[in-house]
Peer 1: 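Got a structure for you, questions after.
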Amino acid sequence: MDNHSYNFPSDCTPLTNCKSARKPGGSTVVNMGNAGKNPPRDYLVWSLCNTLYVNFCCLGFMALIYSIKARDQKTQGNLQLAQECSDKAKWYNILAAGWNMLIPLLVVVLLVLLLVHLGSSQGSFDFLGEDGFQNFMKLFSW
């Protein structure tokens, strides 16, 4: 059959259904996933820095493990588990960073206390004098 010789009914057009057979228009819902909510952070860079510092009880390494797990779960679409791993990585990073700052701070405080004690004890050292530094270094030699 030739296209030129075929007559379409007046309410129908090619490639569409007849208007009388159409159903009334309804609403279409498109699920966009988590459009309004940001995905959880994975704290990977912070975990790498804490891991490279090699701190007490490998807290930075634990943070790195949970950061990688959070990133994996985020890419797989499991945002609830990704959020849980992200929270654990965040707290391990906080503990590791606190520990990383605590040790140098304690060393400085102990050194200041040592100097104050040596300055106030009998036979105090004159640190700025001729033999002051040598006397100070004698304290640390066996």
Side-chain angles (χ1 to χ4, degrees), residues 1-4 6 8-142:
M1 181 195 273
D2 191 5
N3 280 342
H4 297 290
Y6 184 75
F8 294 104
S10 62
D11 60 344
C12 292
T13 58
L15 301 178
T16 61
N17 292 332
C18 294
K19 291 180 185 176
S20 61
R22 289 186 188 167
K23 295 181 180 175
S27 62
T28 302
V29 177
V30 178
N31 187 5
M32 298 298 288
N34 265 346
K37 187 178 177 186
N38 292 335
R41 297 180 61 187
D42 54 15
Y43 304 105
L44 188 63
V45 175
W46 191 12
S47 299
L48 281 172
C49 292
N50 281 330
T51 301
L52 293 176
Y53 192 74
V54 185
N55 49 24
F56 178 72
C57 289
C58 299
L59 293 173
F61 185 66
M62 292 297 295
L64 181 64
I65 289 171
Y66 281 111
S67 295
I68 292 170
K69 285 176 78 172
R71 180 168 282 194
D72 289 344
Q73 294 302 321
K74 186 169 57 172
T75 56
Q76 291 178 358
N78 190 351
L79 296 182
Q80 182 180 1
L81 189 58
Q83 184 64 47
E84 291 175 12
C85 291
S86 173
D87 291 340
K88 287 182 182 179
K90 177 182 173 184
W91 283 109
Y92 277 121
N93 278 320
I94 289 171
L95 290 173
W99 185 258
N100 290 343
M101 289 186 289
L102 183 68
I103 296 298
L105 185 66
L106 283 175
V107 169
V108 168
V109 167
L110 288 175
L111 185 62
V112 167
L113 287 175
L114 177 70
L115 292 176
V116 168
H117 175 70
L118 288 176
S120 65
S121 66
Q122 47 179 288
S124 63
F125 297 108
D126 181 17
F127 290 108
L128 300 175
E130 300 171 4
D131 297 330
F133 181 72
Q134 289 151 358
N135 288 334
F136 178 71
M137 293 309 290
K138 285 181 185 176
L139 292 172
F140 298 105
S141 65
W142 294 97

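The shown structure was predicted, so the numbers you read here are calculated from the model rather than taken from an experiment.
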Peer 1: Could you name each residue pair satisfying salt bridge (charged side-chain N to carboxylate O under 4.0 Å, His left out) that touches residues 45-72, not counting sequence neighbours?
Peer 2: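 Output for this query lists Asp42-Arg71.
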Peer 1: Is the closest side-chain heavy-atom distance between Lys88 and Glu84 below 4.5 Å?
Peer 2: no
Peer 1: What distance separates Asn50 CG from Tyr43 OH, expressed to the nearest 0.5 Å?
Peer 2: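 Answer for the CG-OH pair, Asn50 versus Tyr43, is 13.0 Å.
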Peer 1: Does Trp99 have any side-chain contact (heavy atoms from CB on, under 4.5 Å) partners at least two apart in sequence or in another chain, and if so, which?
Peer 2: Asn55, Phe56, Leu102, Ile103
Peer 1: Quick one: pull up CG in Leu79 and CG in Asn38 and give me the separation to the nearest 0.5 Å.
Peer 2: 11.0 Å
Peer 1: Under the rule for side chain to side chain donor-acceptor pair (under 3.5 Å), what residues qualify as partners of Asp87, not counting sequence neighbours?
Peer 2: Gln83
Peer 1: Would a 4.5 Å heavy-atom cut-off, applied to side chains only, mark Tyr53 and Leu59 as touching?
Peer 2: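 Tyr53 does not reach Leu59 side chain to side chain.
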Peer 1: By side chain to side chain donor-acceptor pair (under 3.5 Å), which residues pair with Ser67, not counting sequence neighbours?
Peer 2: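 Ser67: side chain to side chain donor-acceptor pair (under 3.5 Å) contacts with Ser47.
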Peer 1: Who pairs with Gln76 by side-chain contact (heavy atoms from CB on, under 4.5 Å), at least two apart in sequence or on another chain?
Peer 2: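 Scan of Gln76 (side-chain contact (heavy atoms from CB on, under 4.5 Å), adjacent residues dropped) gives Gln73.
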Peer 1: To the nearest 0.5 Å, how far apart are CG in Leu105 and CG in Asn100?
Peer 2: 12.5 Å
Peer 1: For Lys74, does the NZ atom sit with more than 12 other heavy atoms under 6.0 Å from it, leaving out its own atoms?
Peer 2: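 Yes, the 6.0 Å shell around NZ holds more than 12 heavy atoms from other groups.
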Peer 1: For Pro40 versus Ser86, what's the shortest heavy-atom pair and its separation?
Peer 2: CB-CB, 4.2 Å
Peer 1: Answer yes or no: are there more than 12 heavy-atom neighbours, outside Tyr92 itself, under 6.0 Å from its atom OH?
Peer 2: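 For Tyr92, atom OH is not crowded (no more than 12 foreign heavy atoms under 6.0 Å).
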Peer 1: Show me the pairs that pass salt bridge (charged side-chain N to carboxylate O under 4.0 Å, His left out) and involve residues 48-58, at least two apart or across chains.
Peer 2: none
